Colleague: 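Here it is: the structure, laid out below.
Small disclaimer: the values here were computed from a predicted structure and weren't measured.
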Amino acid sequence: MNMINIEGLNLSFGSGSNESKILHDVNIQVKAGESFGLVGESGSGKTTVLRCLAGQYHHWSGQLSVNGNSLQHKLDKKRCIDMQMVFQDPYGSLHPRHSIETALAEPLKIHKMDNKDQRISSILKKVGLDDSFRYRSPHQLSGGQRQRVAIARALILEPQILLLDEPTSALDVSVQAEILNLLKELKEKEGLTYLMVTHDLGVVTYLCDRVAVMQNGHIVETISSSNLANHGASEPYTKMLLDCCYHTEARLNDTTSFAN
C-alpha cells in the first residue's frame, strides 16, 4: 500500500503573461515504511512538492493522498497528525524566545492531547536529549541539539510520515552523521515513512530506499538508491548530477590531503 500518493501535481505562481509553472504533472508513490528521496538542483521543485503536501501551498492541482485519504486544499488537523515536516534550518524553525518545553507543548495543546509532561519527556529521550533541555532556549543549544528538538516537535503528535526538507544541510559534517543515524533509528523503531528533499546524493544512498530526480519541475527518473550508487542511472541529467557529486568529493579530498 502507498502511504503517499501524488498524481499529476501541478503548481504555478502568477497569472497571464506573468505565470510561472513550478511543478509539471509530478507523480510520486511512497510505500508505507519507505524512505523516499527527492533530489535535483536548486529551483527544481523539490521543496515545493513537500509544501503542497504539508498544506503550505493551497492552489495546486492534481491528486494528493495520504494513507488512502485524499488531501484537500485546505489544511486540517488530521493532516497535521498524520504528517509533519522537519525544516532545513533548526534555529529558524524554533521561536527564539520560547523554551523547548513551550515549543513541544504547543502542538499538544492545539490538538488537545493529554499527558503533556510524559509525552515531552518521552520524545526528548527518543531524540537523545534529557529532561534538562525542557527549560533551555534555542540559543542555548548547538545546531545538532536544535535539530533534535525540531525532530522531537515533529514526532510529538505521533505522525506516520515525516517530510524532511534538507534536515542536515545546515549542520557540520560530524553532526550531520549523528542526525542521519538518529533519523534512521527512529524510522526503524517507530515504523515511519519519510519523504526527504536533499541535494546530497550521499545522504540519499544512506537513508533512502528509492529516489526521484527532479529537473525544472519534472520527475526525470525514479531509481533505487542501490542502483544510483552503482551508476545504474539511465537519464543524462541524473548522470550529470552524479558526475558533479563525484567531482566535488574529489576536490574536497584533494584539499584535505593538501591541508594535512
Side-chain angles (χ1 to χ4, degrees), residues 1-6 9 28-38 46-58 60 63-90 93-95 100-129 146-168 179-198 207-210:
M1 177 181 176
N2 292 328
M3 182 62 74
I4 300 173
N5 198 53
I6 300 173
L9 179 61
I28 297 170
Q29 289 76 41
V30 184
K31 299 174 184 177
E34 186 177 23
S35 184
F36 192 98
L38 284 176
K46 308 183 301 296
T47 297
T48 304
V49 172
L50 295 195
R51 289 179 174 173
C52 290
L53 281 169
Q56 294 180 347
Y57 293 142
H58 307 285
W60 47 267
Q63 294 183 348
L64 303 178
S65 64
V66 170
N67 200 16
N69 299 311
S70 294
L71 301 184
Q72 305 304 312
H73 291 84
K74 184 178 179 181
L75 184 63
D76 56 43
K77 287 188 175 182
K78 187 179 187 313
R79 193 193 304 195
C80 295
I81 292 175
D82 289 342
M83 185 166 49
Q84 283 287 312
M85 191 163 175
V86 178
F87 297 93
Q88 179 178 3
D89 179 8
S93 66
L94 297 171
H95 195 296
I100 303 310
E101 181 175 53
T102 300
L104 295 177
E106 184 177 21
L108 297 175
K109 183 178 179 180
I110 291 171
H111 292 274
K112 297 180 172 60
M113 291 186 171
D114 56 8
N115 300 322
K116 291 185 180 63
D117 285 344
Q118 182 180 346
R119 288 177 185 271
I120 291 171
S121 293
S122 176
I123 201 63
L124 284 173
K125 185 177 180 180
K126 284 182 180 180
V127 300
L129 302 174
R146 286 195 291 265
Q147 194 61 299
R148 287 174 187 269
V149 171
I151 294 169
R153 185 178 59 180
L155 288 176
I156 201 163
L157 295 178
E158 301 179 4
Q160 297 173 297
I161 299 166
L162 284 190
L163 306 175
L164 305 168
D165 186 11
E166 303 211 40
T168 62
I179 297 300
L180 286 174
N181 287 333
L182 173 64
L183 288 170
K184 193 167 191 175
E185 179 183 344
L186 288 168
K187 176 181 172 293
E188 293 169 357
K189 286 185 176 180
E190 307 297 322
L192 297 168
T193 301
Y194 289 164
L195 179 57
M196 182 175 69
V197 161
T198 181
L207 191 63
C208 296
D209 304 300
R210 291 187 299 143

Colleague: How far apart are the closest heavy atoms of Ala54 and Met85, and which atoms are they?
Modeller: CB-SD, 3.9 Å

Colleague: May I ask you to say whether Arg153 pairs ionically with Glu106, meaning some side-chain N is under 4.0 Å from a carboxylate O?
Modeller: no

Colleague: Distance check, rounded to the nearest 0.5 Å: Leu163 atom CG versus Cys52 atom SG?
Modeller: 11.0 Å

Colleague: Determine yes or no for a side-chain-to-main-chain donor-acceptor pair under 3.5 angstrom, with Thr193 supplying the side chain and Gly33 the backbone.
Modeller: yes

Colleague: Should Val197 and Val49 count as side-chain neighbours, where that means a heavy-atom distance under 4.5 Å?
Modeller: no

Colleague: How far apart are the closest heavy atoms of Leu104 and Ile156, and which atoms are they?
Modeller: O-CD1, 3.5 Å

Colleague: Quick check: do Leu155 and Leu192 have side-chain heavy atoms less than 4.5 Å from each other?
Modeller: yes

Colleague: Quick check: do Leu182 and Val127 have side-chain heavy atoms less than 4.5 Å from each other?
Modeller: yes

Colleague: Decide if atom NZ of Lys31 counts as having more than 12 heavy atoms of other residues, nucleotides or ligands within a radius under 6.0 Å.
Modeller: no

Colleague: Begin with the C-alpha distance, continue with both residues' side-chain angles, and end with the deciding distance and a verdict on side-chain contact (heavy atoms from CB on, under 4.5 Å) for Thr198 and Thr168.
Modeller: CA-CA 9 Å; Thr198 181; Thr168 62; 5.8 Å; no

Colleague: So, does Tyr194 use its side chain to make a donor-acceptor pair with the main chain of Leu207 at under 3.5 Å?
Modeller: no

Colleague: Report yes or no: does Asp209 contribute a side-chain atom to a donor-acceptor pair with the main-chain N or O of Ser35 at less than 3.5 Å?
Modeller: yes

Colleague: Taking atom CG of Asn2 and atom CD1 of Ile28, what is their separation to the nearest 0.5 Å?
Modeller: 11.5 Å

Colleague: What verdict does the side-chain contact (heavy atoms from CB on, under 4.5 Å) test give for Ile100 and Ile120, after you've listed the backbone C-alpha separation in whole Å, the side-chain angles of each residue and the deciding distance to 0.1 Å?
Modeller: CA-CA 9 Å; Ile100 303 310; Ile120 291 171; over 6 Å; no

Colleague: Kindly give the heavy-atom pair with the smallest separation between Lys74 and His58, and that separation in Å.
Modeller: CA-ND1, 4.4 Å

Colleague: Apply the side chain to side chain contact (heavy atoms under 4.5 Å, CB included) test between Lys126 and each candidate in Glu185, Arg148, Lys189, Glu190; give the one that qualifies.
Modeller: Glu190

Colleague: With the side chain counted from C-beta on, respond yes when Asp117 and Glu101 share a heavy-atom pair under 4.5 Å apart, and no when they do not.
Modeller: yes

Colleague: Partners of Asp89 by side-chain contact (heavy atoms from CB on, under 4.5 Å), sequence neighbours excluded?
Modeller: Tyr91

Colleague: Provide the closest heavy-atom pair for Leu94 versus Arg146 in the form atom of the first, atom of the second, distance.
Modeller: CD1-O, 3.9 Å

Colleague: Any heavy-atom pair between the side chains of Lys46 and Asp165 that's under 4.5 Å?
Modeller: no

Colleague: Tell me if a side-chain donor or acceptor on Arg51 pairs with a main-chain N or O of Gln56 at a distance below 3.5 Å.
Modeller: no

Colleague: Are side-chain heavy atoms of Asp82 and Asn67 found at a separation under 4.5 Å?
Modeller: no

Colleague: Please report the interatomic distance CG(Asn5) to CG(Leu64), rounded to the nearest 0.5 Å.
Modeller: 9.0 Å

Colleague: To the nearest 0.5 Å, what is the distance between CD1 (Ile81) and CZ (Arg79)?
Modeller: 13.0 Å

Colleague: Ignoring hydrogens, what is the shortest heavy-atom contact between Glu34 and Arg210? Give both atom names and the distance.
Modeller: OE2-NE, 2.6 Å

Colleague: Hey, mind stepping through Val30 and Ile161 against side-chain contact (heavy atoms from CB on, under 4.5 Å) and telling me if it holds?
Modeller: CA-CA 10 Å; Val30 184; Ile161 299 166; over 6 Å; no

Colleague: Distance from Gln88 atom CD to Leu164 atom CG, nearest 0.5 Å?
Modeller: 12.0 Å

Colleague: Would you sort out whether Leu157 and Leu108 count as a side-chain contact (heavy atoms from CB on, under 4.5 Å), showing the intermediate values?
Modeller: CA-CA 7 Å; Leu157 295 178; Leu108 297 175; 4.3 Å; yes

Colleague: Distance from His111 atom NE2 to Glu158 atom CD, nearest 0.5 Å?
Modeller: 12.5 Å

Colleague: Quick one: closest heavy-atom pair of Leu75 and Gly55, and the distance?
Modeller: CD1-CA, 4.2 Å

Colleague: How about Lys116: does its NZ atom have over 12 heavy atoms from other parts shown lying under 6.0 Å from it?
Modeller: yes

